[in-house]
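To start, the structure under review is shown below, and the notes come after it.
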Number of protein chains: 2
Amino acid sequence: MSTISKEDYIKAIYTDQQRNGKNVSATYLAGKLNVSKAAVSDMGKKLANQGFIKYEAYRGATITKKGEKLALNLLRRHRLWEVFLMDVLKLDWGEVHEEAEKLEHLTSEKLIDAIDKYLHYPKFDPHGHPIPNKLGEFPHTPAVVSLKESQIKKKYRIVRFDDESFELMKYFSRLGISLYSEIYLSDRLEFDDSVFVEVAGRTQALSSKIAERIFVTELEAKDD
Amino acid sequence: MSTISKEDYIKAIYTDQQRNGKNVSATYLAGKLNVSKAAVSDMGKKLANQGFIKYEAYRGATITKKGEKLALNLLRRHRLWEVFLMDVLKLDWGEVHEEAEKLEHLTSEKLIDAIDKYLHYPKFDPHGHPIPNKLGEFPHTPAVVSLKESQIKKKYRIVRFDDESFELMKYFSRLGISLYSEIYLSDRLEFDDSVFVEVAGRTQALSSKIAERIFVTELEAKDD
DNA sequence: AAGCAAATTTAAGTATACTTAAATTATTTG
DNA sequence: CAAATAATTTAAGTATACTTAAATTTGCTT
Ligand SMILES: [Mn+2]
Ligand SMILES: [Mn+2]
Ligand SMILES: [Mn+2]
Ligand SMILES: [Mn+2]
């Protein structure tokens, strides 16, 4: 019924739709999944036939309830594996995402529940992504904004890195930027929307491309 | 280069050849892998072309050095996963083998090494199967014989259950027969080669089919 | 609103891993 | 040792998931 390929399509459609709110284009999926646009068109029809998505010719895909259910389950498996590989097996950023990308597809309900229990039911993965429970429900999460949209001269706590790429995570750890760090947004350049942040005792410049991948919650103004 | 299907063929060929010493027949493989004999014949040629096995028409398969290397690596991955799932994640006999059968194919060298390290480099899996190291070397193992071939009126220690089937393992635990148990072989019936063993305070009859799957080492005669 | 470029689909073809049915080869047995 | 029987291969066909190239549709731009 659902193969590794199909699962990857469904997860990509779900997550892109969540992030961008609109129909997911063939071009986007082709890029993300490293296949031709023709392959996307093909698979789009198959997934629509099987009720995982709606696929309108020339206007892209949207997820259905059935597709969402599968996607949430995959997200759960992916994220629990990430926590496990990182916290228990001590793999590093370079390995964790890649491995989880494979393991998520071959993990039974019993196995993932055993991992969940072993980890004491974590609510967030190492990037700060929320982990759906068995029922597909996300943990309650306080309002977050990306650093790109947040206001200068305020203190924030980093609660999510919305990018799975290894390279970016390595860069962050080099800068001393890690999940749950406190951060002060000192300034923003009109010119290119880059931001200046104080973190781990240093001031760093971050491009807007990077800032939009860092999500934060506001901290009370510290009166010292 | 090597897919999940191919890996399962190679593992099956290696292990059957180890156990029975002769060419591995198409019929056997078809049964083991749940495919038609025609499929085995097809795949036999492919694997031979790629140098994993020798395949002579009408006389079955034998493993090559290259195939053996892959098979040992798979055995390592399979058995380490079994230990991990059983000892760390507390899955039971019903789940462990099935899960390992899938996970073995998608486990990178780095991940399996991390598991190996986490487990402190175990030498045997939960069935008592030896675990090859990174180099494909088996741990040194004392001489073992199956209960079927061992002598009556002697004490033994169980060191291996040479069967992955869930059903048999459940049966054993019901009888109080577990890995590393002491066992006394009290008698054997000529009629059907069934054996009588004293274990966990009880005397049990075991068919020869079962006895040949239990491997033991002899214990010094206890003089009490 | 016509023309154009970009996005997407259709068409035709490939590789993998199967299937069933027919043909072939090997082995057993009377 | 010749049938009969069992094992295996060959042949033809299927499903999945791709590819490239050609055709089509969409959404600008002027
Ligand atoms: Mn994946
Ligand atoms: Mn993540
Ligand atoms: Mn397997
Ligand atoms: Mn085992």
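Below, chain A is the first sequence line, B the second, and so on; all start at residue 1. Bear in mind that the values here come from a model prediction, so they are computed numbers and not experimental data.
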When the ring planes of B:W93 and B:H127 are compared, do they come out parallel, tilted or perpendicular, using 30° and 60° as the limits?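 Rings of B:W93 and B:H127: tilted, 30 to 60°.
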
As an exercise, state the distance from [atom1] of [X] to [atom2] of [Y], rounded to the nearest 0.5 Å.
X: A:F172; Y: A:R213; atom1: CZ; atom2: CZ; answer: 10.0 Å
X: A:I112; Y: A:T107; atom1: CD1; atom2: OG1; answer: 5.5 Å
X: B:Q18; Y: B:I13; atom1: CD; atom2: CD1; answer: 13.0 Å

How does each nucleotide of nucleotides 15-25 of chain D score, in 5' to 3' order, for protein heavy atoms under 4.0 Å: base (B), sugar-phosphate only (S), or none (-)? -SBBBBB--BS

Side-chain N or O of A:R59 versus OP1/OP2 of C:dA7: is the shortest distance under 4.0 Å?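 Negative; the distance criterion is not met.
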
Is the shortest side-chain N/O distance from A:K45 to OP1 or OP2 of C:dT10 below 4.0 Å?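 Yes, within the criterion.
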
Between the main-chain N or O of [Y] and the side-chain N or O of [X], is there a donor-acceptor pair closer than 3.5 Å?
X: A:S150; Y: A:K148; value: no
X: A:R79; Y: A:F124; value: no
X: B:Y156; Y: B:Q151; value: yes

Going through the checks in order, is the side-chain hydrogen bond (donor to acceptor under 3.5 Å, both in side chains) test met by A:H78 and A:D125? CA-CA 9 Å; A:H78 183 99; A:D125 83 0; 5.8 Å; no

Those residues of residues 22-29 of chain B lying under 4.0 Å from DNA chain D by at least one heavy atom: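 Residues of residues 22-29 of chain B under 4.0 Å from DNA chain D: B:S25, B:A26, B:T27.
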
